[in-house]
Visitor: 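To start, I am sharing the structure in question, which I have written as structure tokens.
Basis for what follows: all heavy atoms, side chains included, without hydrogens, waters or symmetry-related copies.
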Amino acid sequence: MSRVVWVALVLLGCFYAHARFVFAEPYVMDWITQHSARAMQGDAAACDDYTDDVKVALTARGQSGRWEVEGGKAELCGYLKQSSAALTVLQARTQTEFGNVRLQWGGFPWTTARLQYTQRTSVQAQGLAGMNVVSEDSLVLARTPAGLRIRELQSESSGGL
């Protein structure tokens with residue numbers, strides 16, 4: 001009996017240690033930076049970073065008005081394709097910085113975490129005035145066998161087209 005308890009404690013310890021590693025701020029921010037780069041480049045792998053049941057609520061205020069994207073993975077992936085296509089057509093250069101990072105683990109069994117941050121992206125395109133887009137983002141990250149995935153995304157941005 002004590003052997004079963006010992007094995008259970010070791011497995012629980014390993015599970016916790018893996019959560020500590022995966023939900024460490026440097027690891028999460030590196031993953032988000034890579035995800036953001038894939039999304040802006042139009043890499044289809046960016047859509048794989050979302051769970052199939054992702055919940056999305058995006059609001060943007062720009063020079064041409066206000067628009068919203070709500071729904072799930074299909075709506076989000078469509079939005080990512082359109083955005084990256086626009087950046088490609090414009091031959092735009094982007095630079096993104098993240099600030100005000102807050103990361104909070106979900107309760108036991110440590111399979112989710114809420115990540116909040118401010119994202120500042122400058123966009124430069126030939127023939128257009130530079131733009132600075134600022135967004136306040138909140139994500140729920142899920143720890144899955146395939147790695148981190150975004151389960152929920154809420155974003156409010158300003159400064160774009």
Side-chain angles (χ1 to χ4, degrees), residues 18-19 21-125 128 130-161:
H18 184 258
F21 173 74
V22 170
F23 289 142
E25 188 175 312
Y27 183 88
V28 168
M29 291 313 297
D30 183 53
W31 187 85
I32 288 294
T33 301
Q34 291 175 21
H35 166 74
S36 179
R38 285 191 299 270
M40 287 188 185
Q41 294 169 356
D43 186 343
C47 278
D48 295 337
D49 291 340
Y50 297 94
T51 61
D52 290 336
D53 62 345
V54 66
K55 295 177 185 171
V56 178
L58 307 176
T59 304
R61 290 177 310 262
Q63 297 170 2
S64 58
R66 177 188 159 130
W67 55 267
E68 295 181 10
V69 174
E70 288 187 1
K73 191 170 185 174
E75 291 81 9
L76 181 61
C77 290
Y79 165 74
L80 291 177
K81 287 178 188 175
Q82 288 178 346
S83 298
S84 65
L87 292 174
T88 300
V89 167
L90 293 172
Q91 297 179 348
R93 293 180 312 279
T94 62
Q95 180 178 345
T96 301
E97 296 176 3
F98 298 94
N100 301 325
V101 176
R102 296 171 306 282
L103 182 64
Q104 180 180 7
W105 285 27
F108 183 81
W110 316 299
T111 56
T112 63
R114 178 168 297 277
L115 174 65
Q116 296 173 299
Y117 55 83
T118 302
Q119 180 175 342
R120 290 178 176 76
T121 303
S122 63
V123 180
Q124 302 289 323
L128 293 176
M131 289 183 291
N132 292 309
V133 180
V134 178
S135 67
E136 295 293 330
D137 299 343
S138 177
L139 295 81
V140 173
L141 300 173
R143 184 168 62 127
T144 71
L148 285 179
R149 296 290 181 261
I150 300 170
R151 181 178 288 164
E152 186 179 314
L153 169 62
Q154 295 177 340
S155 178
E156 291 192 24
S157 66
S158 61
L161 293 173

Visitor: Look up atom CG in L76 and atom SG in C47, then write down how far apart they are to the nearest 0.5 Å.
Guide: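 The distance works out to 6.5 Å.
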Visitor: Please lay out, stage by stage, how L148 and F23 fare under the test side-chain contact (heavy atoms from CB on, under 4.5 Å).
Guide: CA-CA 9 Å; L148 285 179; F23 289 142; 3.6 Å; yes
Visitor: Is there side-chain contact between Y79 and V56, with heavy atoms separated by less than 4.5 Å?
Guide: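 They are not in side-chain contact.
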Visitor: Which heavy-atom pair separates D137 from S135 by the least distance, and what is that distance?
Guide: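 Scanning both residues, the minimum pair turns out to be OD1-OG, 3.2 Å.
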Visitor: Please indicate whether K81 has more than 12 foreign heavy atoms, meaning atoms of other residues, nucleotides or ligands, lying under 6.0 Å from its NZ.
Guide: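 12 or below, so no.
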Visitor: Using 0.5 Å steps for rounding, measure from the CZ atom of R151 to the CG atom of D52.
Guide: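 Rounded to the nearest 0.5 Å, the CZ-CG separation comes out at 11.5 Å.
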Visitor: Apply salt bridge (charged side-chain N to carboxylate O under 4.0 Å, His left out) to D49 and list each qualifying residue two or more places apart in sequence or on a separate chain.
Guide: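 Partners of D49 under the salt bridge (charged side-chain N to carboxylate O under 4.0 Å, His left out) test: R38.
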Visitor: Are the side chains of N132 and V123 in contact, using a 4.5 Å heavy-atom criterion?
Guide: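 The answer is no; the side chains never approach within 4.5 Å.
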Visitor: What distance do S155 atom OG and Q119 atom CD have between them, rounded to the nearest 0.5 Å?
Guide: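 Interatomic distance, S155 OG to Q119 CD, rounded to 0.5 Å: 7.5 Å.
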Visitor: So do T51 and I150 actually touch side chain to side chain, heavy atoms under 4.5 Å?
Guide: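 Result no, sub-4.5 Å side-chain heavy-atom pair not found.
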Visitor: Output every pair passing ring pair (Phe, Tyr, Trp, His ring centres under 6.0 Å) with a member in residues 36-56, not counting sequence neighbours, ordered by first then second residue.
Guide: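 Checked against ring pair (Phe, Tyr, Trp, His ring centres under 6.0 Å) - neighbours excluded - the pairs reaching residues 36-56 are H35-Y50.
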Visitor: Among residues at least two apart in sequence or on other chains, which ones pass salt bridge (charged side-chain N to carboxylate O under 4.0 Å, His left out) with R114?
Guide: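 Testing R114 for salt bridge (charged side-chain N to carboxylate O under 4.0 Å, His left out), a comparison that skips the adjacent residues, returns E152.
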Visitor: Contact between W105 and T112 at the side-chain level, heavy atoms closer than 4.5 Å - yes or no?
Guide: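 They are not in side-chain contact.
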Visitor: Are H18 and R143 close enough, and set up right, to give a side-chain contact (heavy atoms from CB on, under 4.5 Å), and what steps lead you there?
Guide: CA-CA 10 Å; H18 184 258; R143 184 168 62 127; 2.6 Å; yes
Visitor: Which distance, rounded to the nearest 0.5 Å, do you find between the CE of M29 and the OH of Y117?
Guide: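 If we round to the nearest 0.5 Å, M29:CE and Y117:OH are 6.5 Å apart.
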Visitor: Taking only residues two or more places apart in sequence, or in another chain, which ones meet E156 in a salt bridge (charged side-chain N to carboxylate O under 4.0 Å, His left out)?
Guide: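 Per chain and number, E156 pairs via salt bridge (charged side-chain N to carboxylate O under 4.0 Å, His left out) with no residue.
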Visitor: Do L115 and I32 come within less than 4.5 Å of each other through their side chains, counting heavy atoms only?
Guide: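 Yes, side chains in contact.
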Visitor: Under 3.5 Å, which donor-acceptor pairs do the side chains of residues 94-102 form with other protein atoms, sequence neighbours left out?
Guide:
| from | atom 1 | to | atom 2 | distance (Å) |
| --- | --- | --- | --- | --- |
| T96 | OG1 | T121 | OG1 | 3.3 |
| N100 | ND2 | T118 | OG1 | 3.2 |
| R102 | NH1 | N100 | O | 2.7 |

Visitor: With rounding to the nearest 0.5 Å, note down the distance linking NZ in K73 to CG in L80.
Guide: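 It is 11.0 Å, given to the nearest 0.5 Å.
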Visitor: Do the side chains of E68 and R66 get close enough for a salt bridge, i.e. N-O under 4.0 angstrom?
Guide: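 A salt bridge is present here (some side-chain N lies under 4.0 Å from a carboxylate O).
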Visitor: Residues in salt bridge (charged side-chain N to carboxylate O under 4.0 Å, His left out) with K55, at least two apart?
Guide: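 K55 satisfies salt bridge (charged side-chain N to carboxylate O under 4.0 Å, His left out) with no other residue.
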